[in-house]
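The figures that follow rest on heavy atoms only: side chains count, while hydrogens, waters and symmetry mates do not. The sequence lines fix the lettering, A, B, ..., with proteins before strands; numbering per chain opens at 1.
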Amino acid sequence: MPEKVHTHFGNLAEESAPKPTLATDEPSATENAGHKKKRSKKRKREEAANEPQAPRDDADSNAKNASPSPNAPGEGSKSEEKVDSVPQPQESAPAPKSKLKPKSKPFSDNKTNFTSLREKANTLYELRKKLPIFGHADEIRKNLRDQDVMLLVGETGSGKSTQIPQFLVNEFWCRPQPAKICKEDGTTKSVTVGGCIAITQPRRVAAISLARRVAEEMGTPLGSSSPASKVGYSVRFDTSTSPSTRVKFLTEGMLLQEMLHDPWLTKYSAVVVDEVHERGINVDLVTGFLRNLVSGKREGRGGVPLKVVVMSATADMESLLGFFQEGFKGQPQLQNGTSDEESEAPTKDEASKDISVCHIKGRQFPVKTIYSPAPVHDFVDAALKIIFQIHYKEPMPGDILVFLTGQETVEALENLVNEYAVGMDPNLPRILVLPLFAALPQVAQQRVFAPAPPRTRKVILSTNIAETSVTVSGVRYVVDCGKAKVKQFRTRLGLDSLLVKPISKSAAIQRKGRAGREAAGQCFRLYTEKDYLSLDETNTPEILRCDLSQALLNMKARGVDDIVRFPFLTRPPREALEKALLQLLNINALEETGGISKVGMHIAKLPLTPTLGRVLLAASEHGTECLIDVIDIISCLSVETIFLNTTSEEKKEAAETARRDLYRREGDHLTMLSTVRAYAGENADRKAWAERHLVSHRAMQSVMDVRKQLRNQCRQSKLLPRDDRQDHHHDPSPVDILQSFLCGFATNTARLVPDGSYRTVVGNQTVAIHPSSVLFGKKLEAIMYNEFVFTNRTYARGVSAVQMDWVGEALAGQ
DNA sequence: GAGCACTGC
């Protein structure tokens with residue numbers, strides 16, 4: 001029910017703003033109202049390589065968001081850093097005959113204009129010198145000469161992500177060191193340790209664009225474009241490095257993968273863990289492994305130290321400091337026992353006992369905070385008032401960024417602002433409303449980065465995507481509803497909940513900061529100061545909010561037998577750990593003793609959740625054809641939803657008909673299979689095919705990437721024949737496929753009860769088929785589902801019809 | 001009758 005609320009903010013006069021009667025009289029302004037289906041939705045955000053975004057005037061975030069393409073829209077709206085673009089090599093260019101380096105990848109050094117690279121680097125150097133971190137270079141170098149671990153608090157805009165690797169790369173300890181390592185049989189082996197710096201990032205876009213930026217600053221070609229390239233990156237499906245790579249940006253997951261093969265990280269002299277405050281689960285694993293590595297005897301590195309820099313934007317350094325100190329305290333004194341005398345590695349034992357801490361101010365303009373004087377019940381309505389208040393009162397230029405909770409509230413407010421703007425004083429500047437959320441099609445997202453037309457104020461209505469992932473320039477006003485949707489895994493129910501929750505103080509500060517990137521700004525918080533003070537300090541780490549089975553299997557695969565003694569940055573509750581262990585036992589990934597099984601080892605190497613990995617192995621027992629089909633389905637399940645929502649009514653009709661030949665009565669799994677097959681079988685124009693069927697072309701491209709990766713892996717592990725180049729035109733066997741899935745998802749099943757609803761087989765919970773399912777509204781004996789999610793009610797997503805006796809068998813088999 | 005944000009040999 002819409003409530004009339006008075007949102008009078010500070011001393012800002014309200015009378016000049018139009019009275020938003022619409023907002024208060026119109027129920028649809030609320031979170032659950034119905035301004036929906038106005039636009040095509042559900043498309044994954046463009047991958048890094050195609051993501052043009054406006055550059056910014058601070059190097060740090062500029063690099064993280066900058067467009068890879070020199071001609072991308074949005075680039076150059078700020079001129080400060082706009083320099084002649086460096087020639088960007090194209091991966092697809094045919095290999096020219098190069099006299100210089102015949103072994104090099106297609107891209108030739110004779111095309112790389114080193115002079116122009118150097119010139120550009122010189123220009124950039126002038127800008128680098130102005131970064132807040134630049135004056136700390138010597139201090140940072142000294143810290144890391146003396147100590148192995150450094151914690152660095154660098155506020156946004158300090159330039160830490162781009163500059164730290166450059167400060168360190170020419171240090172003596174960063175050179176490759178000859179070392180001898182003891183092998184298990186007692187013999188020693190001469191190896192080279194170190195030489196490279198790894199910098200981890202939570203997102204692929206950031207990893208790629210930072211690499212590009214640092215390459216420019218260092219005046220070196222990027223990645224695999226030249227064998228002389230000193231800067232590269234590595235993200236899933238896209239690794240670009242050269243034999244000369246000294247600075248490598250990678251995603252956290254990628255470093256974990258590298259550690260699975262090289263637990264001692266022998267390639268690296270230093271690992272920089274960036275954006276730790278975001279606290280994704282992978283950061284918790286990485287820091288845990290790194291702590292063991294730096295505080296241990298380094299025998300696998302021949303005693304050569306590994307420098308670790310942990311960087312965060314928020315000042316929550318005490319817990320990190322305590323975490324690493326604990327590691328040094330608990331370990332035996334470093335005796336450098338296995339290192340050899342010729343090694344030039346510093347042998348200062350005491351160095352590894354200490355940790356340095358460095359604090360760098362950000363470069364930020366002041367932002368004035370204005371709180372709501374009274375609690376706000378309808379933040380869409382409150383935001384509407386504030387938007388027009390700002391627009392009427394505040395001078396141009398100055399765009400408005402509004403943080404909302406989800407697509408629904410974004411679209412509701414979008415409609416209200418547009419309706420309202422019609423009656424606005426024609427002498428006022430115009431308002432351009434721009435929605436921004438991850439499911440928004442790429443083209444629509446890009447409109448946010450284009451500068452506003454003359455005499456127009458942009459009003460960006462965003463989910464928390466704008467908090468970290470995306471930077472919009474031109475913003476001077478932030479309106480913060482104080483809430484966000486958070487996914488939380490509830491261990492006891494095995495249920496994922498997506499709920500609107502208050503944000504943390506650090507998120508509130510982050511949102512506010514978005515107003516002060518280019519000039520002084522204002523932040524309107526749609527909650528009281530008292531509410532602010534009662535917020536949690538930091539975001540709940542992901543490790544406390546997610547299913548731990550994959551993380552635990554990962555640890556087991558690395559030989560961490562005693563999970564309880566693993567150094568967790570934040571220790572998950574015992575119950576969550578036990579649940580995950582039980583789940584791994586159920587799918588036979590662990591032995592009864594708790595050690596990893598052969599099956600588990602196999603699953604751990606797959607880029608899949610343990611359950612999906614188990615399904616893949618089960619399918620291989622049903623034969624090659626079943627495995628091929630199950631890989632197609634699993635590929636769909638590991639990307640965002642592949643079906644787009646229909647835009648207009650007429651289009652909907654046509655699309656529904658076109659899609660109907662893809663639908664399978666067995667359920668979503670076989671529907672996905674038929675979709676992948678049809679898409680892969682389309683040789684003429686896959687994009688047009690996808691459009692005709694209202695299937696997300698982007699999602700399908702990811703599906704094909706995953707499919708290729710999984711097929712390759714199955715070939716390597718001999719689950720698939722090496723020469724399966726023939727097309728797989730066999731008829732799928734739904735029974736084999738669904739029974740394979742039941743091997744992983746036996747507990748994700750529900751049966752129909754007499755009142756027509758479904759109850760879970762384990763736990764007897766009520767569950768409804770999600771409206772996105774092809775089985776929505778159908779009554780079947782029993783269903784199996786991939787996800788059990790709570791939003792407004794409990795839903796099963798990724799649903800297929802199964803028989804109760806299969807479920808019984810599958811449960812018995814566990 | 002519905003979709004916060006990320007990510008992986």
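Among the heavy atoms of the strands, none lies under 4.0 Å from A/A768. A/Q713 comes within contact range of at least one nucleobase, with a heavy-atom separation under 4.0 Å. A/T791 comes within 4.0 angstrom of the backbone, heavy atoms only, and of no base. Contacts of A/L608 with the nucleic acid, taken as non-hydrogen atoms under 4.0 Å apart, include base atoms. The residue A/L260 sits close to a base: some heavy atom pair falls under 4.0 Å.
The nearest whole Å value for the distance from the CG atom in A/N539 to the C1' atom in B/dA5 is 11 Å. For the pair A/I281 CD1 and B/dG8 C1', the computed distance is 13 Å after rounding to whole Å. A straight line from CZ of A/R797 to C1' of B/dC4 spans 12 Å, rounded to a whole angstrom. Across the protein-nucleic acid pair, A/I503 atom CD1 and B/dA5 atom P stand 15 Å apart, rounded to whole Å. Put simply, CG on A/N282 is 11 Å from P on B/dT7, counting in whole angstrom units. If you measure from atom NZ of A/K487 to atom P of B/dC4, you get 11 Å, rounded to the nearest angstrom. To the nearest angstrom, C1' of B/dG8 lies 12 Å from CD of A/E258. Protein atom CZ of A/R545 is 9 Å distant from nucleotide atom C1' of B/dC4, rounded to whole Å.
Checking the phosphate oxygens (OP1, OP2) of B/dG1, no side-chain nitrogen or oxygen of A/R793 falls inside 4.0 Å.
Here B/dG1 is the nucleotide among B/dG8, B/dG1, B/dC4 with the atom lying nearest to any side-chain atom of A/F776. The side chain of A/S772 lies closest to B/dA2 when the candidates are B/dG8, B/dC4, B/dA2. Nearest to the side-chain atoms of A/Q550 among the listed nucleotides B/dG8, B/dC4, B/dT7 stands B/dG8. Listed nucleotides: B/dA2, B/dA5, B/dG8. Nearest to the side chain of A/Y795: B/dA2. Listed candidates were B/dA5, B/dT7, B/dA2. Nearest to the side chain of A/P771 is B/dA2. Distance from the side chain of A/A438 is smallest for B/dA5 among the nucleotides B/dA5, B/dG8, B/dT7.
A/R614 places no side-chain N or O within donor-acceptor distance of the main-chain N or O of A/I603, the cut-off being under 3.5 Å. A distance-only check finds no donor-acceptor pair linking the side chain of A/S549 to the backbone of A/L584 [under 3.5 Å]. No donor-acceptor distance shorter than 3.5 angstrom exists from the side chain of A/D632 to the backbone of A/V676, with no hydrogens or angles considered.
The six-membered or imidazole ring of A/F289 lies near that of A/F566, with a centre-to-centre distance under 6.0 Å.
Mapping A/V486 and A/T251 onto DNA chain B by nearest heavy atom places A/V486 at the nucleotide closer to the 5' end. Nearer the 5' end of DNA chain B, as judged by each residue's closest nucleotide, is the contact made by A/H770, out of A/H770 and A/G253.
The salt bridge (charged side-chain N to carboxylate O under 4.0 Å, His left out) pairs that include a residue from residues 597-613 of chain A number zero, where partners must be two or more places apart or lie in different chains.
No hydrogens or angles considered: a donor-acceptor pair under 3.5 Å links the side chains of A/D480 and A/Y527.
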